[in-house]
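Note that the coordinates shown come from a computational prediction; the quantities given were computed from them, not determined experimentally. As the structure lists them, so they are numbered: ligands from 1, and atoms in each ligand from 1.
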Amino acid sequence: MQLRVRALETVLGEKGYFDPAAIDALIQAYETKVGPHIGARVVAKAWSDPVFKQALIADATKAVLNMGALNRVGDHLIAVENTPKQHNMIVCTLCSCYPWEVLGLPPVWYKSAPYRSRAVNDPRGVLKDFGVTLAPGTDIRVWDSTAETRFIVLPMRPAGTEGWSEEKLAALVTRDSMIGTGLPKDPKAAA
Ligand SMILES: [Co+2]
């Protein structure tokens, strides 16, 4: 596969269909600029600013545009909010669709067949494997990503963070908490 991609890239480049520098810039952006720190800032802002949170739930694509996210044409981002009654979890059962613009490159397990099937069949078991136990009575909703529609979980703001700055809050937001396979860090441990 790598060789094929390389060959295709060479041919297209030689024919002048694209500028190799543009590809390099894109790869570099995803390797160094884009990552879960962007999603963490989005979540921290939503925790701190009710107006932004409303805008995020209404249209996440639009809401994250101003936060350094590299939106790709045709992509649609949806933010799903965890509540005491509902925990959200994200999967791509078909392949590995992932909200790159806010979370960067996907972890290896996200693309694995066991995660992709078990997230649907046994989400509670998957959470257990990740060390997450939800309060009794919490429903789990699993969202299946596609090439056009991707999801980011808005975790619940941890108790004991009243008055915290957005920057301090963002440090609690883990990548997995935005996929739904984890929870934010314990503020007592982080303080
Ligand atoms: Co996919």
Side-chain angles (χ1 to χ4, degrees), residues 1-9 11-12 17-18 22-43 46 56-65 67-83 86-132 134 139-155 173-184:
M1 179 61 88
Q2 260 184 355
L3 285 175
R4 271 198 228 169
V5 171
R6 184 70 57 197
L8 202 60
E9 191 183 329
V11 172
L12 292 175
Y17 287 121
F18 68 84
I23 300 281
D24 289 344
L26 208 59
I27 290 171
Q28 216 214 341
Y30 276 110
E31 276 178 352
T32 60
K33 238 178 86 187
V34 184
H37 60 284
I38 293 179
R41 277 171 48 214
V42 170
V43 169
L56 182 73
I57 299 292
D59 186 342
T61 310
K62 222 159 94 184
V64 303
L65 247 183
M67 300 199 63
L70 295 177
N71 271 66
R72 290 179 301 173
V73 179
D75 273 9
H76 191 50
L77 183 68
I78 295 175
V80 287
E81 184 185 10
N82 284 351
T83 67
Q86 180 174 300
H87 180 87
N88 298 285
M89 208 165 122
I90 295 164
V91 67
C92 174
T93 54
L94 200 64
C95 44
S96 60
C97 301
Y98 189 73
W100 289 43
E101 65 271 46
V102 280
L103 296 189
L105 301 172
V108 172
W109 54 259
Y110 185 85
K111 300 185 252 183
S112 74
Y115 177 74
R116 282 158 40 207
S117 58
R118 273 191 72 217
V120 177
N121 294 333
D122 179 23
R124 228 167 272 273
V126 171
L127 286 182
K128 202 176 156 213
D129 288 352
F130 276 96
V132 176
L134 299 173
D139 292 330
I140 302 177
R141 172 128 194 220
V142 179
W143 301 83
D144 197 355
S145 309
T146 68
E148 292 85 25
T149 306
R150 293 136 202 269
F151 301 90
I152 177 174
V153 174
L154 176 57
V173 184
T174 62
R175 178 196 65 196
D176 289 4
S177 73
M178 295 181 279
I179 305 175
T181 52
L183 299 174

(request) Below 2.8 Å of the Co ion (ligand 1), tally up the protein N/O/S atoms for me. (result) 4
Return yes if some donor-acceptor pair links the side-chain N/O of [X] with the main-chain N/O of [Y] below 3.5 Å, else return no.
{"X": "Ser145", "Y": "Val91", "result": "yes"}
{"X": "Arg116", "Y": "Lys111", "result": "yes"}
{"X": "His76", "Y": "Arg150", "result": "no"}
{"X": "Asp144", "Y": "Thr93", "result": "yes"}
{"X": "Tyr98", "Y": "Phe151", "result": "no"}

(request) List for me each residue that meets ring-ring contact (aromatic ring centres under 6.0 Å, His included) alongside Phe130, sequence neighbours excluded, and say none if there are none. (result) Trp109
